[in-house]
Amino acid sequence: MAFSKDQLLDRLKELQIEFSQYEHPVVLTVEAQAKYVGNLGGALSKNLFLKDKKHRYYVVSALADTKVDLKVLSQRLGLGKGGLRMAAEEALVEILKVPLGCVTPFAVVNESARHVSLLLDHGFKTQEYCFFHPLSNDMSISLNAHGLDKFLKSIGRDPSYVDLEANPPVGKDQPPDLAAFVPSDAPILSDLPVKAPTQDSTGKHVSAASNSAAVAAKAVKPSGNVQNVKEKPVNTVQPSIPAADAGNFVEELLDRASALLLSEISEDSIKQHSGQLGAEVANNIKKCLREDLKNLATIFKNTAYTEGFYAGTRYQPKRL
């Protein structure tokens, strides 16, 4: 069972963590929350639920005015420039067990979130207290970094504070400074389809998804978007586009587009482009996604072709 708001508040009281609570209407943004608690002196927080290409998940919790560049953060984690994107709402509900608008450091309290990496803004430590939603966005609670640390340690988490605005160089002699925060394991969502095993030409059992993805990888020049299926056991996380599933293909495109859209819109870009922001963002998204989407479409096409080819070779017409 997922932790409820009342259970979380009870846990904070049991741990003797000092906090104040403020009820308000449901809010989905920091700006909306500020209307109710922004005049109380504490710092507001923004929280992102992200995933990488290997379906590993991250909660990034930062001060509302901290500038978080997903491209830079992805590089610092060792995932490349486009390695992070916003996680789907289905993953939010299944892994963190909270609805949209309720992501906070408290959301890692559930067992289902044990593999989720939590990165905290080091700016929290400079604040007298900060506001977070207690698993429900119809309330905000304020507490200091010491109280947050005490709670996280009580659930077996070692609080990790990082400078989210830093942009250190990453190269051959300068390894990613946040690589240690990449989860070592990835949860598998219960609603992901599981393909029945088939046999390859050597008689070994492989999943249909792995088989078709491996063939497609040979037909298309590999890119950062294609996982090396040969080096991974069959039962690991599924490839980016399982077999020829059109629904997953579309979701992949939407995930990438939404992640790019969010990364392009910032306070600086709004000030810089003003009324031309829409056109500027559209042009940047087209430029960034063009080759990526071409690769995805080619992989999808070849995967579908491969499945059709093998289906044809297994079909034996009846003799008249």
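Below, each value reflects all heavy atoms present in this structure, side chains not excepted, and no hydrogens, waters or symmetry copies. Just so we're clear, the structure is a prediction, and the values are computed from it rather than from any experiment. Throughout, residue positions are numbered sequentially from 1 according to the sequence presented.
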Quick check: are there more than 12 heavy atoms from other residues, nucleotides or ligands sitting under 6.0 Å from NE2 of H146? no
Counting neighbours of CD on Q16 that are heavy atoms of other residues, nucleotides or ligands and sit closer than 6.0 Å, is the number greater than 12? no
Lys/Arg cation over aromatic F3: K97, 6.0 Å, 45° cone: no
Under 3.5 Å: donor-acceptor pair, side chain of [X], backbone of [Y]:
{"X": "D121", "Y": "F124", "value": "no"}
{"X": "S20", "Y": "S142", "value": "no"}
{"X": "N110", "Y": "S112", "value": "no"}
{"X": "K150", "Y": "L15", "value": "yes"}
{"X": "S117", "Y": "F181", "value": "yes"}

Stepwise side-chain contact (heavy atoms from CB on, under 4.5 Å) check, V162 with H122: CA-CA 5 Å; V162 299; H122 73 160; over 6 Å; no
Atom pair [atom1]/[atom2] of [X] and [Y] - distance to nearest 0.5 Å:
{"X": "K46", "Y": "D65", "atom1": "NZ", "atom2": "CG", "result": "7.5 Å"}
{"X": "L63", "Y": "Q127", "atom1": "CG", "atom2": "CD", "result": "5.0 Å"}
{"X": "E90", "Y": "I95", "atom1": "CD", "atom2": "CD1", "result": "11.0 Å"}

Can you see which heavy atom on [X] is nearest to which on [Y], and at what distance?
{"X": "A113", "Y": "R157", "result": "O-NH2, 2.7 Å"}
{"X": "P159", "Y": "L120", "result": "CB-CD1, 4.3 Å"}
{"X": "Y161", "Y": "K125", "result": "CD1-CE, 3.3 Å"}
{"X": "N137", "Y": "G101", "result": "CB-O, 3.6 Å"}
{"X": "V116", "Y": "L96", "result": "CG2-CD2, 4.3 Å"}
{"X": "V68", "Y": "A62", "result": "CG2-CB, 4.1 Å"}

S4: what forms a side chain to side chain donor-acceptor pair (under 3.5 Å) with it, not counting sequence neighbours? Q7
Should [X] and [Y] be counted in the same cluster of Ile, Leu, Val, Met, Phe, Trp and Tyr side chains packed under 4.5 Å apart?
{"X": "Y129", "Y": "I141", "answer": "no"}
{"X": "M139", "Y": "L100", "answer": "yes"}
{"X": "V182", "Y": "V170", "answer": "no"}
{"X": "L164", "Y": "V72", "answer": "no"}
{"X": "L119", "Y": "L44", "answer": "no"}

Can you tell if the side chain of [X] reaches within under 4.5 Å of the side chain of [Y], non-hydrogen atoms only?
{"X": "V60", "Y": "L118", "answer": "no"}
{"X": "V108", "Y": "I155", "answer": "yes"}
{"X": "Y58", "Y": "L77", "answer": "yes"}
{"X": "R85", "Y": "L50", "answer": "no"}

Going through the checks in order, is the side-chain contact (heavy atoms from CB on, under 4.5 Å) test met by D69 and N167? CA-CA 9 Å; D69 188 322; N167 188 8; over 6 Å; no
Contacts of type salt bridge (charged side-chain N to carboxylate O under 4.0 Å, His left out), residue D52, not counting sequence neighbours: R56
Ring centres of F132 and F151 under 6.0 Å apart? no
For residues 160-177, the salt bridge (Lys or Arg N to Asp or Glu O under 4.0 Å) pairs (sequence neighbours left out) are R76-D177
Provide the full list of salt bridge (Lys or Arg N to Asp or Glu O under 4.0 Å) pairs with a residue in residues 3-26, sequence neighbours left out, each pair given once. K5-D138
Y22: ring pair (Phe, Tyr, Trp, His ring centres under 6.0 Å) partners, not counting sequence neighbours: F131
Any chance the side chains of T104 and N47 put a donor and an acceptor closer than 3.5 Å? no
Which side-chain N or O atoms in residues 27-42 pair as donor and acceptor under 3.5 Å with protein atoms at least two apart or in another chain?
| from | atom 1 | to | atom 2 | distance (Å) |
| --- | --- | --- | --- | --- |
| T29 | OG1 | A32 | N | 3.1 |
| Q33 | NE2 | S140 | OG | 2.8 |

